[in-house]
Amino acid sequence: MESKRSVGVIGAGFSSLYAACKLALSGYDVTVFDKNRMVGGRAQTFTAEGFTFDMGPSWYWMPDIIDKMFEEIGVKRSDYYNITQFQTAYQVFWKNDPATKVPADRKELMSLFDTLEVNGGQKLDKFLQDAKIKYEVAKPLMELPGESLSELMKWSVIKNAMKLDVFKSVEKDVANRFNSDKARNILNFPVLFLGAMPDEIPSLYTLMNYADLELGTWYPDNGMSDLAKALEKIALENGVQFHMKSNVLSIDVEGDRVQGLTTSEGSFEFDFVLSGADYHFTEQHLLPEQFRRYSEKYWSKRKMAPSSLIYYLGMSEKIPGLEHHNLFFDEDLKEHGREIYENPRWPEKPLFYSCVPSKTDPKVAPEGKENVFLLMPIATRIEDTPEIREKYLEIMLTRMEEQLGMSIKDKIIYKQSFCIEDFKSAYNSFQGNAYGLANTLKQTANLKPKMRSKLKNMFFCGQLTVPGPGVPPALISGKIAANLIIEAS
Ligand SMILES: Cc1cc2nc3c(=O)[nH]c(=O)nc-3n(C[C@H](O)[C@H](O)[C@H](O)COP(=O)(O)OP(=O)(O)OC[C@H]3O[C@@H](n4cnc5c(N)ncnc54)[C@H](O)[C@@H]3O)c2cc1C
């Protein structure tokens, strides 16, 4: 009997986990190595003083895509975990004006936009109809492996791609349709997930507004780790072996083929290797130079999505006035953007995001207490010291106190920060980025780093490859990479 072909997977982020499930279901012998103690990659959790913190992603968007990804590996997501939609998707704080709560209900949302500008509801309706077309057209395009331009030159793709407005920016599209600052800010916000300013992101990505305002913001019963744990369970059920706290030290090559991996536990031989770890790290640190597809010069020219300053805070009391998701848009979005992309430095007047999962999930904080996650996007490659982190915590908390009209600083009973240097040490992240490459036109589709290595039996997946950053795209990239391995076998 022919023995099973083996695959060694580097990393246990969402892309690697999905690829591991798909490959195991297709008859491969799969072993996953991750340097961290738990699966999920950037979606780790930790518990301290009775608080449980989701360390990375907190917005569960595009539930339709995630459900479909489960179906494609033969299971139902609902058999693994439950999700609930928020009726108030999120809250936006403005300067000198009351906060806006963005409702899930379409009629309420249209009424809200009517209060923001004349015919706002009607304009929004038309905008979301157009965004829906982009979402539906883009879904199959997201699954293209990005191997060559010819994938995009097929008539069926070109015909549909014309509907995508790739040469107009999100900002222009939004500004042409809406004139109030608030409507514009609400509609420009989701693309910030894509790691560039709205004036640089192709209008195709208004599909994110459809995901935001039409498909809604959801929460798994135990936070984002539910998705990672579900994929881990499916993988284990199908024979995948996990080596956690196992650092891959080198990819071992003979001739034009990978032989296996050397890890902190020893050496392992594989027929194929798939890396879902940071692409730059994998090539520059694990592969001998002659087998690297990209040079340091190439990487130095990439435009990275931001890094983040994150604080995980435990509060002694509930903080009224906050929702599960809160955007502090009470300073100028463009100015902060310039300090990330054009003139990289710590921002003068930052915008930031606060997730308070204890508002809807009592399990994440002791009774009567509040779990607060603060995230401020910053440029990669800037200085990161404990003093700077503290300075910006003070700025964010002062702004929250002003907005909420109450003291907050004196309620902190637990505090932990995470920033550029931690992204590097925890995830080997290139320049300490949080969300991979910026999704500008020049770094989209086949212009992203290739999934196929120079070596015949080695592949890449993850947020630096197609289709890009975010949890649903990471899952899709795992699927595409697994298919490439299956084709190459
Ligand atoms: C703070 C933050 C907030 C986010 N918010 C959202 C959100 O709300 N919604 C959303 O959809 N997306 C969000 N994202 C983006 C999303 O989390 C990522 O795009 C996605 O999780 C990336 O998955 P991945 O598989 O590419 O890799 P990663 O999650 O980066 O996993 C790669 C793994 O490889 C491991 N590794 C690296 N080197 C080695 C080595 N040598 N040996 C062994 N293992 C190694 C790393 O430790 C890591 O565990 C957020 C990201 C961050 C950081």
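Indexing begins at 1, ligand by ligand and atom by atom, following the structure's order. The basis for the numbers below is simple: all heavy atoms, side chains too, and nothing from hydrogens, waters or symmetry mates.
- The shortest separation from a heavy atom of Asp278 to ligand 1 is not under 4.0 Å, leaving the residue out of contact.
- Contacts between Thr263 and ligand 1, counted as non-hydrogen atom pairs separated by less than 4.0 Å, are absent for every part of the residue.
- Among Ala277, Pro473, Ser15, Gly40, the residue whose heavy atom lies closest to atom 37 (C) of ligand 1 is Ala277.
- Lys134 and Ser203 share a donor-acceptor pair across their side chains, judged by distance under 3.5 Å alone.
- If you look at Phe51 and Tyr312, their ring centroids are not closer than 6.0 Å.
- Counting only N and O atoms by type, the side chains of Ser246 and Glu265 include a donor and acceptor under 3.5 Å apart.
- Note: Tyr219 and Tyr60 fail the aromatic proximity criterion, with ring centroids not under 6.0 Å apart.
- For ligand 1, the polar-atom distance check against Trp59 finds a nitrogen or oxygen pair separated by under 3.5 Å.
- Residue Gln44 has no nitrogen or oxygen atom sitting less than 3.5 Å from a nitrogen or oxygen atom of ligand 1, judged on distance alone.
- Separation of the Tyr435 and Trp59 ring centroids does not fall under the 6.0 Å cut-off.
- Under a 4.0 angstrom heavy-atom cut-off, Trp61 registers as lying outside contact with ligand 1.
- When the options Ala474, Ala43, Gly41, Ala228 are ranked by their closest heavy atom to atom 23 (O) of ligand 1, first place goes to Ala474.
- With atom 35 (C) of ligand 1 as the reference point, the heavy atom nearest to it among Ile10, Asp34, Val471, Leu17 is part of Asp34.
- Counting the atoms of ligand 1 from 1 in the order shown, those under 4.0 Å from a heavy atom of Asn36 are 47 (O), 49 (O).
- An N or O contact shorter than 3.5 Å links Lys35 to ligand 1 by distance.
- Ligand 1 has at least one atom lying under 4.0 Å from a heavy atom of Ser246.
- Between Val248 and ligand 1, at least one pair of N/O atoms sits closer than 3.5 Å.
- A donor-acceptor contact under 3.5 angstrom links the side chains of Asp252 and Ser250, judged on distance only.
- Put simply, part of Phe423 is less than 4.0 Å from ligand 1, judged by heavy atoms.
- In summary, the atoms of ligand 1 found under 4.0 Å from a heavy atom of Ala426, numbered by their order in the structure, are 47 (O).
- For the residue pair His280 / Glu296, a side-chain donor-acceptor distance below 3.5 Å is found, with atom types taken as modelled.
- Closest heavy-atom approach to atom 32 (C) of ligand 1 within the set Gly11, Ala211, Ser425, Gly276: this belongs to Gly276.
- Contacts between Tyr435 and ligand 1, counted as non-hydrogen atom pairs separated by less than 4.0 Å, involve the side chain only.
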What side-chain donor-acceptor pairs closer than 3.5 Å can you find for residues 370-379, not counting sequence neighbours?
from	atom 1	to	atom 2	distance (Å)
Glu370	OE1	Lys318	NZ	3.0
Glu370	OE1	Ser358	OG	2.9
Glu370	OE2	Ile319	N	2.8
Glu370	OE2	Lys359	NZ	2.8
Asn371	ND2	Thr52	O	2.7
Asn371	ND2	Val364	O	3.1

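- Each of Lys391, Lys424, Arg389 was evaluated against Asp384; a single residue qualifies, Arg389, per the salt bridge (Lys or Arg N to Asp or Glu O under 4.0 Å) test.
- The atoms of ligand 1 that sit less than 4.0 Å from any heavy atom of Phe281 are 41 (N).
- Below 3.5 Å of separation, one finds no N or O of Pro469 facing any N or O of ligand 1.
- Aromatic pair Phe189/Tyr90: ring centres closer than 6.0 Å.
- Residue contacts with ligand 1 include Pro472, since one or more of its heavy atoms lies under 4.0 Å from the ligand.
- The ring-ring contact (aromatic ring centres under 6.0 Å, His included) check on Phe268 picks up Phe33, His243, with sequence neighbours excluded.
- The Leu375 neighbourhood of ligand 1 comprises atoms 1 (C), with distances under 4.0 Å to a heavy atom of that residue.
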